[in-house]
Each structure stands twice: as structure tokens, then as C-alpha cells.
Amino acid sequence: MNSKLMARLFGVVAMFIGTSGTLYQWYVALTDKVYWVKASFLFPVFIFLGLSVILYPTSKAENLAKFGCEQMPLKHYPLGQKVLLGVGVILGTLNLALLSGILNVIQLVR
């Protein structure tokens, strides 16, 4: 199978895991008043990681030819991919802040 197609398939799976994990995290937080700290940050990041891989797929052969290594350095990522990863980190932090009560929008611990 084509490596770019496999990368895009990985992106779809990452987006599905991120979206379903975030929804489940909020469901449990609102019903049982508990949340998982690491998961509340990572699931939104997975959504945007998956989206960035879908929009900007790479292959190992392509990276080897261009950069001389299979893993592309961060400085050579496309600007759109860097922006999407940055948005994912910001939204992951915001999700963590909302669930932990730092922003005081929702009170989980009474």
C-alpha cells in the first residue's frame, strides 16, 4: 500500500481516537466528576496531530531523499503542520484547564 495513504489512514485513526477520547473524557467528567489529567491534554492534541498528518502526509523514502534521514526534523515541517500542532497543544492545555477548574467554567470538585 502507498506510504502516503498509510500516513493518511494513521491520521484518520488518530483523529478518531482523539475525538472519541475527548468526548468520553467530558462525559465522565460531567457525570462522575473525575477526569484523567494526561488524557485531558493528549486527546485534543491527537485530533490536530491526525488532521496535520492527513493534510501533510510524508513518506520515509521521500524524507530519506530530501533530508538524508527517515525522520524529518521539526524545522523542515510545513508551516501549516506546525500551526496545526501548535493549535492542538493550545487546545489540549485549554481542555486541561477547563476540566481541572483552573478557568472556573465548570466545577468538578465540590
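By convention here, the first residue in the shown sequence is residue 1.
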For [X] and [Y], work out which heavy atoms get closest and say how close.
X	Y	result
Leu99	Ala29	CD2-CB, 3.5 Å
Val45	Gly92	CG2-CA, 4.5 Å
Leu84	Ser52	CD1-CA, 3.7 Å
Tyr56	Gly80	OH-CA, 3.4 Å
Gly50	Ala14	CA-CB, 3.9 Å

**OP:** Could you name each residue pair satisfying side-chain hydrogen bond (donor to acceptor under 3.5 Å, both in side chains) that touches residues 88-97, not counting sequence neighbours?
**Re:**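 Listed once each, the pairs are Trp26-Asn95.
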Non-neighbouring partners of [X] that pass side chain to side chain contact (heavy atoms under 4.5 Å, CB included), sequence neighbours left out:
X	answer
Leu94	Leu91, Leu98, Leu103
Ser3	Ser59
Ile54	Val12, Met15

Original post:
Under a 4.5 Å side-chain heavy-atom rule over Ile, Leu, Val, Met, Phe, Trp and Tyr, are Ile47 and Val83 clustered together?
Top reply: yes
**OP:** Report whether Ile90 and Leu79 are members of the same hydrophobic cluster (ILVMFWY, side-chain heavy atoms less than 4.5 Å apart, transitive linking).
**Re:**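 Per the 4.5 Å side-chain linkage, Ile90 and Leu79 are not co-clustered.
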Original post:
With sequence neighbours left out, what residues match Lys82 under side-chain hydrogen bond (donor to acceptor under 3.5 Å, both in side chains)?
Top reply: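 Residues passing side-chain hydrogen bond (donor to acceptor under 3.5 Å, both in side chains) with Lys82: none at all.
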Original post:
Is there side-chain contact between Tyr35 and Ser100, with heavy atoms separated by less than 4.5 Å?
Top reply: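 A side-chain contact exists here, since the closest heavy-atom pair is under 4.5 Å.
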**OP:** Mark yes or no for whether Gln25, through its side chain, and Trp36, through its backbone, hold a donor-acceptor pair below 3.5 Å.
**Re:** yes
**OP:** Scan for salt bridge (charged side-chain N to carboxylate O under 4.0 Å, His left out) pairs involving residues 44-57, sequence neighbours excluded, and state none if there are none.
**Re:**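 Every pair satisfying salt bridge (charged side-chain N to carboxylate O under 4.0 Å, His left out) with a residue in residues 44-57: there are none.
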**OP:** Keeping to residues at least two apart or across chains, list the salt bridge (charged side-chain N to carboxylate O under 4.0 Å, His left out) pairs with something in residues 3-29.
**Re:**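 For residues 3-29: Lys4-Glu62.
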Could you list who else is in [X]'s hydrophobic cluster, with ILVMFWY side chains joined at under 4.5 Å, directly or through other members?
X	value
Ile17	Val13, Phe43, Phe46
Leu23	none
Phe16	none

Original post:
Got a sec, which pairs hit ring-ring contact (aromatic ring centres under 6.0 Å, His included) with one end in residues 70-94, sequence neighbours left out?
Top reply: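 Found Phe67-His76.
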Subject >> Nearest-0.5 Å distance that lies between atom CG in Leu9 and atom CG in Asn2 >> reply: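 If we round to the nearest 0.5 Å, Leu9:CG and Asn2:CG are 12.0 Å apart.
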Original post:
To the nearest 0.5 Å, how far apart are CD in Gln81 and CG in Leu51?
Top reply: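 Between atom CD of Gln81 and atom CG of Leu51 there are 10.0 Å.
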Subject >> Listed partners of Lys66 passing salt bridge (Lys or Arg N to Asp or Glu O under 4.0 Å), at least two apart >> reply: none
